[in-house]
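Report on one structure; see the data block that follows.
A quick note: this is a predicted structure, and the numbers were derived from the prediction, not measured.
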Amino acid sequence: MSEIDLERALNDPADLFESPDAVVHHPSLTREQKIQILNNWQLDASRLEGSEGEGMIGEDPPMLRRVRIALAALMEQP
């Protein structure tokens, strides 16, 4: 995936990327775009994790942790 629909990536990152790490390593996104995408993914994952606590079915809870790890790795890059 070289060209990317940024609006779609911001609105539904899990639909475009197979993992948060794929965002970190995407060649055509700027660091700022990657941070925005991962922040949105973190928010989505947090909401899903909260929904699971209310008895709703969502993704596995580890996704939130995976997004946070990817975001931390990106923040460490210059």
Checklist entry - Is there side-chain contact between L6 and L10, with heavy atoms separated by less than 4.5 Å? => result yes
Checklist entry - Any donor and acceptor pair, going by atom type alone, linking the side chain of D12 with main-chain N or O of R8 inside 3.5 Å? => result no
Checklist entry - Looking only at heavy atoms, what is the nearest atom pair of V67 and P20, with distance? => result CG2-CG, 3.5 Å
Next on the checklist: Using side chain to side chain contact (heavy atoms under 4.5 Å, CB included), reason through Q42 and L71 one step at a time and then give a plain yes or no.
Outcome noted: CA-CA 9 Å; Q42 180 176 245; L71 194 53; 4.1 Å; yes
Checklist entry - In Å and rounded to the nearest 0.5 Å, what is the CG to CD distance from N40 to Q36? => result 7.5 Å
Checklist entry - What is the minimum heavy-atom distance between L29 and K34, and which atoms define it? => result O-CE, 3.4 Å
Checklist entry - How long is the gap from CD1 on I69 to CG on L64, to the nearest 0.5 Å? => result 10.0 Å
Checklist outcome for this item: Tested for side chain to side chain contact (heavy atoms under 4.5 Å, CB included) against H26, the lone hit among D21, L16, I4 is I4
Checklist entry - For W41 and S19, which heavy atoms make the closest approach, and how far apart are they? => result CH2-C, 3.4 Å
Item to check | hydrophobic_cluster_shared for L38 and M75, side chain cutoff 4.5 Å | outcome: yes
Item to check | Which atom of P13 lies closest to which atom of I37, heavy atoms considered | outcome: CB-CG2, 3.7 Å
Checklist entry - Which pair of non-hydrogen atoms, one from Q77 and one from V24, has the smallest distance, and what is that distance? => result NE2-CG1, 3.8 Å
Item to check | Minimum heavy-atom distance between R66 and E18, given as atom pair plus value | outcome: NH2-O, 4.4 Å
